[in-house]
Protein chains: 2
Amino acid sequence: MATIREIAKLANTSIGTVSNYLNEPSLVAESTRKRIEEAIEFFDYHPKAAARSLKSRFTHRIGLVPLISSEDNRSENPGDNAFLELLAGINTVAAENKYDILLSAATNHADEMKTYQRLFGEGNVDGIILQGIQSEDERILFLKKKKFPFVAYGRSDLPIQYAYVDIDGGQGIIQAITYLKSLGHSRIAYITPSKSLMCTRQRWDGFIQGMSQNELQIRDEYLIEGDFSEKSGYESTKAFMNLNTPPTAVLTSNDVCAFGVMRCLKEMYLIPGKDLSVIGFDNVSLSQHWQPQLTTFAQPFRKIGFLLMESLLDMIHGREQFPHKLVQPDLIIRESTGPVC
Amino acid sequence: MATIREIAKLANTSIGTVSNYLNEPSLVAESTRKRIEEAIEFFDYHPKAAARSLKSRFTHRIGLVPLISSEDNRSENPGDNAFLELLAGINTVAAENKYDILLSAATNHADEMKTYQRLFGEGNVDGIILQGIQSEDERILFLKKKKFPFVAYGRSDLPIQYAYVDIDGGQGIIQAITYLKSLGHSRIAYITPSKSLMCTRQRWDGFIQGMSQNELQIRDEYLIEGDFSEKSGYESTKAFMNLNTPPTAVLTSNDVCAFGVMRCLKEMYLIPGKDLSVIGFDNVSLSQHWQPQLTTFAQPFRKIGFLLMESLLDMIHGREQFPHKLVQPDLIIRESTGPVC
DNA sequence: GTAGGGAATTGAAACGGTTCAATTATGGCA
DNA sequence: TGCCATAATTGAACCGTTTCAATTCCCTAC
């Protein structure tokens, strides 16, 4: 395989000039450039990545540690499609900027931090994208301490500055309430996710703002803290529908919870979208095959991937310090919502 | 960041010995080993990947070019989950062997070959996994010519030796026929995929063998060459059911085709699994939510990922030349098949 | 004719490991 | 004690780029 020295020799110039051509062609005179191009063509020359990054300190790679469930599952895991769309988005921007994605997995979950230390320590990548952010996320603390470029998909509750892209759950809720109001709803219930989660607070702020903006009254008996389970949807609905004046619409914490709501309605011979409008969150693939099809929020994962990669490149090249970006979820209107009777 | 020289100095030994420790600890005496370990611990030392692979010619990375659909789709694309499971399998074996996966995308489809040339030419990876094999696949020709380690998921019709992992569609069909026979079926129809595809021939061989093994008669009017479309399932079924003695069971080319079969039955007020047993191929996520749930073949993608990576490692390390591996598809029995009435 | 300055080019040093032939240490045995 | 085989260690050379200070080239202005 040809090296830069052979190219230089054939093009009758020095390796320094060839290197310049490779990295900043404008530094090279027209005639020299032509000869170098011919030599490169002749040898089908590609500069070796290892040599390049040894000296330049740039790998043109970014790191990503996939969350892989250990068991074999081809199930409806909503995260699956999400990850793939995310990857597609990241990959698109990466390719446009001549970057590759390095996927590193830990053999077991306990070793996950070791994977990040290795990615960083061995100089395998120029930056890292984090997903599945947790409260007090130690990966964030680690990378921040090392001053290594990274972007997180999701906000944590750490009191430090770092780059992230996240869903604007609050704006979503506002949008949903406005939509429900336009259908004539005023008695809107809300099954919130568990209080301990980051997204809950953001959505809750949106709920308050959305209700006041639409001049609707928040009623305590219409609020239940659930979790992401089917059961919490089922049980909350039971409680709601046994009130003297039950709500006419309910916002749930996610699609699975919304399925629980609908199961309860079915048992009570009530019809989703008619007796109670139901809105989910996530747009899992089942939601469009359910009977009735579920109105829900979709996260534009591909766009999130774009933004993650763009932010990371900005950081790597020192164009920005800690970019923050929020994206609106898409309200996908299907059959589980309808005008109030 | 510490280098191997600093480690050697602190451990009071030479860089050669430290390098030995890193790569083949058995070469280093116990006492020296201890001092080196302490020094590594002290500096939190990680050998730089670039320096390592510059001289050793091993990157500890394998390359994979994902097939990314350009449009934003969070649809039921059956390939999506497949790819993720495949990746999970590859990643697991890779991690166990201290390998990472390099994902490289082309900005547009026309440049795909360039991506492979770059992956190879820049020395970015030790080997490559190919998916979506096509007839006369130029990637295979290229990598073969360069004598670069690669494993393909799927067979092509090229008359050259290369490593692959593939589904044993023929064995699947035999299994399906044996299963149908056990339910009392003898009039079995088969909607084959298009003749031009590699898998068709393999499945067809299985069909012949399965029928003769079960002492069943192949009848020409029960054979239709379809494609992977819903429509071909629909129209073939119309033809079958208008015969004087219609079949009691039908094997289809894939799940989508099977859905077409069932739509036709519904129109004719016939019941899948009762009036006609239907077997799909692929186990797309819809197949278990269909009414009735579809009996179909699932590909064990995660296992395929294992095998791909294991084969590739064998080739990289010169343990095998062109490993071939076939895996059985899993017949998933659901509601669209039943005993003959 | 010459000074000045920008554009183009040069080549040695550096990046941080691995490799390997050569050297030294160690232990067993007569 | 001396000899030999084997284990352990050494360090210089090398991998193929980038980098940068120094040099050369070329043109313009005076």
Side-chain angles (χ1 to χ4, degrees), chain A residues 1-37 39-40 43-61 98 118-126 316-317, chain B residues 1-37 39-40 43-61 98 118-126 316-317:
Chain A
M1 290 255 251
T3 71
I4 199 172
R5 276 165 234 278
E6 302 177 61
I7 301 301
K9 190 184 284 181
L10 182 58
N12 195 28
T13 181
S14 68
I15 59 169
T17 300
V18 177
S19 180
N20 280 343
Y21 167 79
L22 256 21
N23 298 295
E24 194 52 71
S26 69
L27 292 178
V28 178
E30 179 63 21
S31 59
T32 316
R33 197 182 315 178
K34 218 169 232 163
R35 293 200 314 278
I36 292 177
E37 275 163 2
I40 287 177
F43 281 120
D44 188 22
Y45 167 76
H46 294 262
K48 297 290 160 291
R52 206 195 255 272
S53 60
L54 174 58
K55 182 73 208 202
S56 76
R57 264 83 225 297
F58 282 105
T59 62
H60 285 272
R61 265 172 259 140
K98 298 186 186 302
R118 189 173 61 77
L119 232 39
F120 163 76
E122 295 184 349
N124 271 305
V125 294
D126 295 344
I316 289 171
H317 297 125
Chain B
M1 289 257 252
T3 72
I4 200 171
R5 280 160 232 276
E6 301 177 61
I7 301 299
K9 191 184 282 181
L10 181 58
N12 194 29
T13 180
S14 69
I15 60 170
T17 301
V18 177
S19 180
N20 280 342
Y21 168 79
L22 256 22
N23 297 298
E24 194 53 71
S26 69
L27 292 177
V28 178
E30 178 63 22
S31 60
T32 316
R33 195 182 317 179
K34 218 169 233 164
R35 294 200 313 280
I36 293 177
E37 275 164 2
I40 287 177
F43 281 121
D44 187 21
Y45 169 75
H46 294 260
K48 297 292 160 291
R52 206 196 255 272
S53 58
L54 176 56
K55 180 74 204 200
S56 77
R57 263 84 222 295
F58 282 105
T59 61
H60 285 272
R61 264 171 259 140
K98 298 187 185 304
R118 191 173 58 79
L119 233 37
F120 162 77
E122 295 184 350
N124 271 307
V125 294
D126 295 343
I316 289 171
H317 298 125

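Predicted model, so just to flag it, every value in this text is computed and none were measured. Order of the sequence lines fixes the chain letters, A, B, ..., with proteins taken first and strands second; residue numbering starts at 1 for each chain.
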Using the test side-chain hydrogen bond (donor to acceptor under 3.5 Å, both in side chains), find all partners of B/S31 that sit at least two apart in sequence or belong to another chain. none
Would a distance-only check, ignoring hydrogens and angles, find a side-chain to backbone donor-acceptor pair under 3.5 Å from A/R61 to A/N124? yes
What is the per-nucleotide protein-contact pattern of nucleotides 9-21 of chain C, from the 5' end, where B denotes a base atom under 4.0 Å from a protein heavy atom, S denotes such proximity for sugar-phosphate atoms only, and - denotes neither? BBBB-BBBBBB--
Take the C1' atoms of the five end pairs on each side of the helix from C/dG1-D/dC30 to C/dA30-D/dT1, derive the two axes, and give their angle rounded to 10 degrees. 40°
First locate atom NE2 of A/H60, then atom CZ of A/R52, and finally report the distance between them rounded to the nearest 0.5 Å. 6.0 Å
Sequence-distant partners of B/N12, side chain to side chain contact (heavy atoms under 4.5 Å, CB included), two or more places apart: B/R35
For A/D126, enumerate each residue passing the side chain to side chain contact (heavy atoms under 4.5 Å, CB included) test, keeping only those at least two apart in sequence or located in another chain. A/F58, A/T59, A/Y99, A/I316
Holding to salt bridge (Lys or Arg N to Asp or Glu O under 4.0 Å), I want the full list of residues that pass it with B/E30, two or more places apart in sequence or in another chain. B/R33
Would you check if there is a donor-acceptor pair between the side chains of A/Y45 and A/E6 at a distance under 3.5 Å? no
